[in-house]
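Bear in mind that the values here come from a model prediction, so they are computed numbers and not experimental data. Side chains are part of it too, since the values below use all heavy atoms of this structure and drop only hydrogens, waters and symmetry mates.
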Amino acid sequence: MRATVIATFFGVFLTCTYTAKEATKKTKKAKLYVPQIDCDVKAGKIINPEFIAKCPPGCQDVKHRVYGTDIYASFSSVCNAAIHSGIIDNTGGKVLVQKVAGHSGYRGSFSNGVRSLSLPRWRESFLVSEGKPRKGVSYPSTLEYSSSKSTAVKSEPKKTEQDLKGTKSADISNTSEKASDQGDTARKEHQTTPVPTPGTEMATTTPTATTMTTEPSTTVPQPTTAPAAPRTTAAPAKARPGLHRGRDMGSSSVHPAYASVVAAAARQVQAAQGRGQNTAFRGTSTSASNRNILLHNTAMEIDSWKPGLSLFDTGFSSKEELNPKPLESISQGNQNCKVDLSFLMDGSWSIGKRRFQLQKRFLGNVAQALGIGSAGPLMGIVQYGDDPSTEFNLKTYANSKDLRNAIEKIQQKGGLSNVGKALSFVNKNFFLDANGNRGGAPNVVVVMVDGWPTDRVEEASRLARESGINIFFVTVEAAAQSEKQNVVEPNFVDKAVCRTSGFYSINVPSWFSLHKVVQPLVKRVCDTERLACSKTCLNAADIGFVIDGSSSVGTGNFRTVLQFVANISKEFEISDTDTRIGAVQYTYEQRLEFSFDKYSTKQDVLNAIKRISYWSGGTSTGAAISYASEQLFSKSKPNKRKIMILITDGRSYDDVSVPAMAAHQNGVIAYSIGVAWAAPDELEAIASDPAKEHSFFVDDFDNLYRYVNQLIQNICTEFNSQPRN
């Protein structure tokens, strides 16, 4: 009997063991197949909101452009962005990509052998991290592209181009409603990640998509109730060393894009730091939870004829709501001087206590002369020495009296004169929405320097200028004869300011004569027409479209061309003082559809494009270029970049090279887009140098939409690469 029981027990044990092994086999996850992408693949071309992909070796190349730092604009190369962030190196590897909302600014930097570029804003962003699956997330083995590029796994049949093409830019009059429905559906599907607010649980409802124009917000944040308590510095005074070595300017940098998306969390961190000093999530150390808060799945859809919708639209406002406590006294201020102003105050030991007091008196007089107020100039102060720190930001004080009182309480912090480090700090931390930056007001930095900086300023200044910051220098006294041999950059002012015309720099021989430059400085700071660094690639051009209306185009294709023109136009900031749009249609003859000064709002421009009627006739492209030069670009404003975008579908009956050369010599930057039977040699002759970056060709009108992003990218890249001095 005992033997029978033992045998039965042993049998049951073996059965259970076998069953458990079989269950384990069944539940074991299949190995994740990671699709490979090419070096030139941009995140925006892939529809999947989150995916893992394998990058090949050799992607570290300047031709695979990257825009941003830590968080990247969606038309950046995925693989080169991963190299820039340090996730992989040039040997390739797996990368996890998460799509997030578009941002109002992307700052370039040099990291891991890759130079990323700056960009004012873009409609969609992405994050890169180590290519390991996140728990509970399933990843596609085949990536879905928004164009005709096939990425099917080898074991699967390849998709046809028609399958992958998706919604095309078709005849406006017949397909706009359908395209609009598809765009709305895509937005609804990919706007379900809410932004949490303090004290509330994360909502599960879909945010309502809002119409977002490129006109900057002019909402003025209310200031806090009382000035921050002054900082006391216990460090003893010390003699200025004979040789100051430059410090690393980026070791503690923070990226403002995270703070703008999770403003609530940033304000909590800021409060913990005290004294109104801004704190944001740091670069590559961003935690998974913070990335999840940022995650905002956005599909790349083809825009239809909804003028209010933009390639930049994400369903989120670019401004976070600010609700600081109001001051008892709020001034409207000088409304003729609406600027957001940061003073970099020299707190180094070399300035001495007495001259530091003279500097504070000067800043107080400037605040009084500016006329601080919610509808006028707003002013904050950053003190620098070894390291910079914010004394108070733009939203802290809303009248000159309170501001002057706060300036009087500032304590000298001491240290070296690290101006470059201070400029880098301001660029990354000061002009944030959460700190009171209004968007519609020019950003201005005035740097006070006693003698000479102890680190390099050129690179930090360049990045600040690319971000749209106008840099002024007020240099007091000069390096002593014994110190001149230790000056890091003798011509640091010329390397830092927007223009070397003298407008952006004031030299004062003595701190005791500083009061004499109060009014000259205020006058320059308030002269917004001359603040050249407020200009970006999106608000500094006169763009003239030269449109082929010949018989070979046809009515349906002509409407597709107009949609292409509208989709480009809507990405620019259009007004009398920003970008202006004009259009010419041509056959054998030419017709001015509307000039640069005809329409001053984006809605009016888009309506005017839609009203253009098809002409039909021959193709005289050379004559059309000459006509556009005379009727459009001869009336362009002197401070505008003149950009011609010509679209044609065939070879011209006349010569194009001579008219194009004349246009180039008159400062016109020409882009040529050829369709179907357009001649490649003519497209290159029309285009500015280098022709490969200014000329494009598609085999079908329905594929024009593919070049909307590329054109804007090239225009912005060219703008950002131009010397500013």
Side-chain angles (χ1 to χ4, degrees), residues 228-252 274-277 342-366 380-392 406-426 429-430 445-457 460-461 471-490 492-493 496 505-515 517:
R231 185 200 313 266
T232 57
T233 305
K238 56 184 178 182
R240 184 174 185 161
L243 176 63
H244 301 297
R245 299 185 181 275
R247 291 174 173 265
D248 178 16
M249 294 192 310
S251 59
S252 62
R275 285 184 36 77
Q277 183 175 350
S342 171
F343 268 87
L344 283 185
M345 186 180 191
D346 190 342
S348 62
W349 291 128
S350 66
I351 193 175
K353 291 184 178 180
R354 184 178 182 185
R355 288 179 291 182
F356 186 77
Q357 292 299 320
L358 291 173
Q359 181 181 206
K360 291 200 298 183
R361 185 183 305 170
F362 170 73
L363 294 178
N365 291 338
V366 169
I381 289 181
V382 171
Q383 185 182 172
Y384 70 91
D386 288 334
D387 297 295
S389 61
T390 301
E391 296 293 341
F392 43 82
I407 291 172
E408 282 300 315
K409 297 176 182 177
I410 295 176
Q411 300 295 314
Q412 186 176 3
K413 63 182 297 169
L416 303 178
S417 300
N418 289 332
V419 176
K421 196 170 186 179
L423 282 169
S424 180
F425 173 85
V426 168
N429 300 283
F430 188 85
V445 170
V446 178
V447 186
M448 305 290 296
V449 181
D450 172 48
W452 50 282
T454 54
D455 63 351
R456 296 190 176 276
V457 304
S461 300
I471 302 174
F472 286 80
F473 265 78
V474 177
T475 54
V476 188
E477 301 182 355
Q481 194 65 35
S482 60
E483 297 173 331
K484 287 184 177 178
Q485 61 181 353
N486 299 326
V487 174
V488 179
E489 286 180 316
F492 67 91
V493 173
S505 58
I506 298 177
N507 179 257
V508 186
S510 168
W511 284 95
F512 295 97
S513 58
L514 194 59
H515 64 279
V517 302

Residues passing the side-chain contact (heavy atoms from CB on, under 4.5 Å) test with Thr475, sequence neighbours excluded, are Val449, Phe473, Phe492, Val493, Asn507
With a 4.5 Å heavy-atom cut-off, do Phe392 and Ile407 have their side chains touching?
-> yes
Run through Val474, Val446, Val447 and flag the one making a side-chain contact (heavy atoms from CB on, under 4.5 Å) with Phe343.
-> Val446
For the residue pair Leu358 and Phe362, establish whether any side-chain heavy-atom pair is separated by less than 4.5 Å.
-> no
Do the side chain of Asp455 and the main chain of Gly420 share a donor and acceptor less than 3.5 angstrom apart?
-> yes
Just by modelled atom types, is the Phe356 backbone N or O under 3.5 Å from a matching donor or acceptor in the Gln412 side chain?
-> no
Spacing of CD1 belonging to Ile351 relative to CH2 belonging to Trp511, to within rounding of 0.5 Å | 3.5 Å
Side-chain contact, heavy-atom cut-off 4.5 Å: Phe430 with Leu344?
-> no
Among Pro453, Ser348, Ser461, Pro388, find the one that has a side-chain contact (heavy atoms from CB on, under 4.5 Å) with Val419.
-> Pro453
Value for CD1 (Ile471) from OG (Ser505), rounded to nearest 0.5 Å, stands at 12.0 Å
Residue pairs involving residues 355-365 (criterion side-chain hydrogen bond (donor to acceptor under 3.5 Å, both in side chains); sequence neighbours excluded) = Arg355-Glu477, Asn365-Arg404
What's the spacing between Met345 CE and Leu363 CG if we round to 0.5 Å?
-> 5.0 Å
Between CG on residue Asp450 and CH2 on residue Trp349, distance to nearest 0.5 Å | 13.5 Å
Passing option when Thr390 is tested against Val382, Ile381, Val426 for side-chain contact (heavy atoms from CB on, under 4.5 Å) = Val382
Backbone N/O of Tyr384 and side chain of Lys421: donor-acceptor pair under 3.5 Å | no
Approximate separation, where rounding is to 0.5 Å, of Asn418 CG and Leu423 CG = 11.0 Å
